[in-house]
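To find a chain, count down the sequence lines: A is the first, B the second, and so on, and within it residues start at 1. What's counted below: heavy atoms across the whole structure, side chains too, no hydrogens, waters or symmetry copies.
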Number of protein chains: 2
Amino acid sequence: MTKPDLLIHAAFKLFYEHGIHAVGINRILQETGVAKKTLYHHFASKDALLEAVLMYRDQIFMDWLTSRMMAAGEGKMAVLALFDALDDWFHDRVEVLLPFKGCFFMKANGEFSDHMVNSLCQRHKHNITAFIQANLVGHSAHLSSAELAQSISVLKEGAISQAYVAGDLDAAKRAKAMAVALLSEK
Amino acid sequence: MTKPDLLIHAAFKLFYEHGIHAVGINRILQETGVAKKTLYHHFASKDALLEAVLMYRDQIFMDWLTSRMMAAGEGKMAVLALFDALDDWFHDRVEVLLPFKGCFFMKANGEFSDHMVNSLCQRHKHNITAFIQANLVGHSAHLSSAELAQSISVLKEGAISQAYVAGDLDAAKRAKAMAVALLSEK
DNA sequence: ACATAAGTAAACCGATCTGTCTACCATTAT
DNA sequence: ATAATGGTAGACAGATCGGTTTACTTATGT
């Protein structure tokens with residue numbers, strides 16, 4: 001693994017577990033054995049490293065989620081598969097996402113205001129909602145695919161928060177039941 | 001206003017907007033004009049101040065939410081009123097909660113691990129779920145009040161997250177529609 | 001009147017923060 | 001062969017962190 005990738009991996013793991021402001025550059029260096037000069041050779045600042053970490057996590061997460069959804073079929077089936085995927089995530093059955101500690105983007109977003117982090121997190125959430133919506137075009141005569149996708153997103157966000165903060169690891173199952181009801185209305 | 005209350009108010013406002021680790025003790029002092037000696041006379045440490053801030057916000061929020069719910073009646077009506085209250089919060093129509101910037105407990109929780117903050121946040125969420133549950137005893141023959149309350153909590157958490165991170169200020173309306181569907185099943 | 005408590009201002013402490021710098025080593029491509 | 005690149009080790013800088021201390025100034029209650 002190249003040095004930049006090594007740094008991004010270690011930084012993500014530490015940021016995800018302890019928070020971004022709580023983890024200093026020196027700790028990332030100590031954990032990886034990389035020299036400080038090398039870090040600042042590849043990244044202009046801690047913020048630049050953080051940006052790379054956010055893009056890395058975005059790619060890992062989106063690749064995992066979309067492949068899980070597409071493997072289940074199209075339309076409604078794909079959307080419901082989203083909640084099965086979340087359930088696996090909450091129960092630490094998805095190695096590539098690392099042990100579940102909530103949504104990294106939600107946590108990162110909360111540590112900043114009027115910052116690049118906020119727009120990156122918003123974009124990440126928007127991309128997911130857009131992918132959900134793509135699976136819901138023409139599903140309902142009464143509700144637009146955009147409105148349905150927003151509602152599904154509320155269920156998804158709620159499941160993640162509830163699983164993390166309240167420790168309700170079965171939140172995805174509950175969210176799925178409500179999604180079934182929502183997508184059964186005609 | 002007493003000095004401790006002044007500090008708690010200012011600390012909450014700054015923590016809520018910028019994050020806890022991002023706000024130093026000196027900034028809180030500068031904002032309030034209080035001397036450092038005075039702060040450490042009333043609070044043993046930044047952690048102690050933070051604990052007071054969390055308890056303060058918990059009380060403000062719970063008082064507001066329960067009064068809004070109880071004013072709407074009992075049972076299902078109270079639960080649905082929760083989402084009307086959230087809608088007001090998201091649109092900054094609730095002065096006592098300050099301009100909406102997400103759930104303080106969700107954000108605080110994300111900045112720590114294995115810390116007093118985590119248990120306080122979990123307790124806060126649990127108290128809300130318990131209050132919801134109290135309004136749902138005997139509501140359904142198929143689902144327990146505990147299960148219903150957990151599902152309502154998923155909707156509530158999802159609405160807050162979606163409104164904050166994605167900027168979807170109408171998330172509470174969507175969540176309410178799903179709550180109506182959930183509580184109409186017999 | 002006087003002791004006690006609560007307050008201010010500001011210097012100070014050690015630790016840690018992000019980021020820079022010097023000096024040296026290993027690889028590799030021209 | 002040699003110049004350029006990527007790397008290590010670690011000292012260093014300046015700022016800021018949480019927290020303590022000294023010295024002085026109000027209030028307040030008995």
side-chain hydrogen bond (donor to acceptor under 3.5 Å, both in side chains) partners of [X], counting only residues at least two apart:
X      : answer
A:D92  : none
B:K173 : B:D87, B:D170
A:S45  : none

- Item | Where chain B begins and ends its contact with DNA chain D, read 5' to 3' at 4.0 Å from heavy atoms | D:dC17 to D:dT22
- For DNA chain C, what residues of residues 5-15 of chain A have any heavy atom nearer than 4.0 Å? none
- Among residues 17-31 of chain A, which residues get a heavy atom nearer than 4.0 Å to DNA chain C? A:V23, A:G24, A:I25, A:N26
- Message: Can you pull out the residues from residues 42-56 of chain B that lie within a 4.0 Å heavy-atom distance of DNA chain D?
- Response: B:S45, B:K46
- Message: Less than 6.0 angstrom separating the ring centers of A:F12 and A:F104, yes or no?
- Response: yes
When you look at [atom1] of [X], are more than 12 heavy atoms from neighbouring residues, nucleotides or ligands closer to it than 6.0 Å?
X      : atom1 : value
B:R123 : CZ    : no
A:K76  : NZ    : yes
A:M77  : CE    : no
B:M70  : CE    : no

- Which value, rounded to the nearest 0.5 Å, describes the distance between B:L80 atom CG and B:K176 atom NZ? 6.0 Å
- Taking atom CD1 of B:I152 and atom CZ of B:F83, what is their separation to the nearest 0.5 Å? 4.5 Å
Could you list all the side chain to side chain donor-acceptor pair (under 3.5 Å) pairs where at least one residue sits in [range], not counting sequence neighbours?
range                       : result
residues 153-162 of chain B : A:S161-B:S161, B:K125-B:E157, B:T129-B:S153
residues 29-40 of chain B   : B:N26-B:K36
residues 55-71 of chain A   : A:H9-A:Y56, A:D58-A:H124, A:R68-A:D88

- Task: Just say parallel, tilted or perpendicular for the rings of B:H115 and B:F112, cut-offs at 30° and 60°.
- Result: tilted
- Item | Results of salt bridge (Lys or Arg N to Asp or Glu O under 4.0 Å) for A:D47 - residues two or more places apart only | none
List every contact pair, protein side and nucleotides 21-24 of chain C side both N or O, where the distance is under 3.5 Å.
none

- Message: Expressed as a whole number of angstroms, how long is the span from B:K3:NZ to C:dG7:P?
- Response: 7 Å
- Query: What is the distance, rounded to the nearest whole Å, between atom CG of A:L39 and atom P of C:dT20?
  - Reply: 11 Å
